Amino acid sequence: MPKLGAASTAKAGTAFTVPFTTEGAATARSARKLVVTVSYDGGRTWRPAKVTDRRRLELRHPAGPGTRSLRVALTDADGNTLKWTIHRAYRTTS
């Protein structure tokens with residue numbers, strides 16, 4: 001779980017780490033391709049998120065408050081794909 005405040009918020013304008021795991025047939029070790037993107041504007045636009053060690057996202061929140069959405073696209077060694085979007089995963093505050 002990311003380190004969020006009691007109201008599921010993070011500080012705007014700061015670096016932020018989101019830990020994650022992949023499970024099942026397409027684990028991080030068997031994944032051929034793993035791409036994570038983040039939206040800071042309600043899903044209108046998406047930017048690449050830095051994935052570290054295939055276990056953490058390293059984000060830099062914009063200065064303004066708002067919702068943050070995450071999207072993952074994973075392809076395993078057999079070519080199977082998974083696409084998953086978490087709209088409004090959490091909020092940032094000033």
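Just so we're clear, the structure is a prediction, and the values are computed from it rather than from any experiment.
One N or O on the side chain of Ser69 and one on the backbone of Arg88 form a donor-acceptor pair closer than 3.5 Å. Side chain of Ser39 to backbone of Thr45: a donor-acceptor contact under 3.5 angstrom is found. No donor-acceptor pair closer than 3.5 Å links the side chain of Asp78 to the backbone N or O of Asn80.
With sequence neighbours left out, the side chain to side chain contact (heavy atoms under 4.5 Å, CB included) criterion links Ala10 to Leu4, Phe16, His61, Tyr90, Thr92. Applying the side chain to side chain contact (heavy atoms under 4.5 Å, CB included) rule to Val51 yields the partners Phe20, Leu34, Val36, Leu57; only residues at least two apart in sequence or on another chain are considered. Applying the side-chain hydrogen bond (donor to acceptor under 3.5 Å, both in side chains) test to Thr21 and every residue at least two apart in sequence or in another chain returns nothing. Residues passing the side-chain hydrogen bond (donor to acceptor under 3.5 Å, both in side chains) test with Thr85, sequence neighbours excluded: Arg71. Scored by the ring-ring contact (aromatic ring centres under 6.0 Å, His included) test, Tyr40 finds no partners at all (sequence neighbours excluded).
Here the closest non-hydrogen pair linking Pro19 and Thr17 is CD-O, 3.7 Å. Counting all heavy atoms, side chain and backbone alike, Ala63 lies closest to Ala12 at O-CB, 3.1 Å.
The salt bridge (Lys or Arg N to Asp or Glu O under 4.0 Å) analysis of residues 57-69, with sequence neighbours excluded, yields the pairs Arg56-Glu58.
Both Val72 and Val18 belong to a single network of hydrophobic side chains, linked directly or stepwise wherever heavy atoms of I, L, V, M, F, W or Y lie under 4.5 Å apart. Each of Val35 and Leu59 belongs to its own hydrophobic cluster when Ile, Leu, Val, Met, Phe, Trp and Tyr are linked at side-chain heavy-atom distances under 4.5 angstrom.
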